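Structure first, then comments.
The figures here come from the full heavy-atom set of this structure, side chains too, leaving out hydrogens, waters and symmetry mates. The structure presented is a predicted model; accordingly, all values stated were derived computationally and were not measured.
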Amino acid sequence: GMDFTYAKMASIISECGLRIMASIPVGAWMLRHKWSDRSVWDSKLGRALDACLTSSMLSRFSPDMVIVAGLPGKSS
């Protein structure tokens, strides 16, 4: 399993006085072994799965993620 989870990251960010403004999952659908082949990454299926899982509650289980954090009440 993952040692550094989304919840741990969110806790650290909160302890620093910040809040998560956005989280962008990268490759959540690649957890299915048969889809991890490079030929699927750039396919229509890969793009569709990325778009679907980006807005899904399952995004926090993505193997990689970009997290944007900022000060509460501030917008970029």
Side-chain angles (χ1 to χ4, degrees):
M2 292 187 285
D3 292 334
F4 193 59
T5 64
Y6 180 88
K8 287 180 185 178
M9 173 65 85
S11 177
I12 291 169
I13 288 171
S14 179
E15 288 173 13
C16 292
L18 303 170
R19 71 177 183 88
I20 294 177
M21 312 274 285
S23 58
I24 305 154
V26 178
W29 56 271
M30 288 184 200
L31 294 174
R32 291 264 318 163
H33 177 71
K34 72 178 190 172
W35 291 344
S36 65
D37 184 80
R38 186 171 189 82
S39 65
V40 179
W41 299 353
D42 297 322
S43 69
K44 286 183 182 181
L45 174 63
R47 287 189 294 276
L49 288 168
D50 268 340
C52 176
L53 291 172
T54 295
S55 59
S56 169
M57 290 299 292
L58 296 175
S59 67
R60 68 181 51 212
F61 300 108
S62 177
D64 296 305
M65 182 179 302
V66 175
I67 294 181
V68 179
L71 294 170
K74 302 279 185 182
S75 61
S76 51

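Here the closest non-hydrogen pair linking Gly73 and Arg19 is N-NE, 4.3 Å. Nearest approach of Met21 to Ala69, heavy atoms of both residues: CG-C, 3.8 Å. In plain terms, the two heavy atoms of Gly17 and Leu71 that are nearest each other are O-CD2, 4.0 Å. The two atoms that bring Met9 and Ile67 nearest to each other are CG-CD1, 3.4 Å, heavy atoms only.
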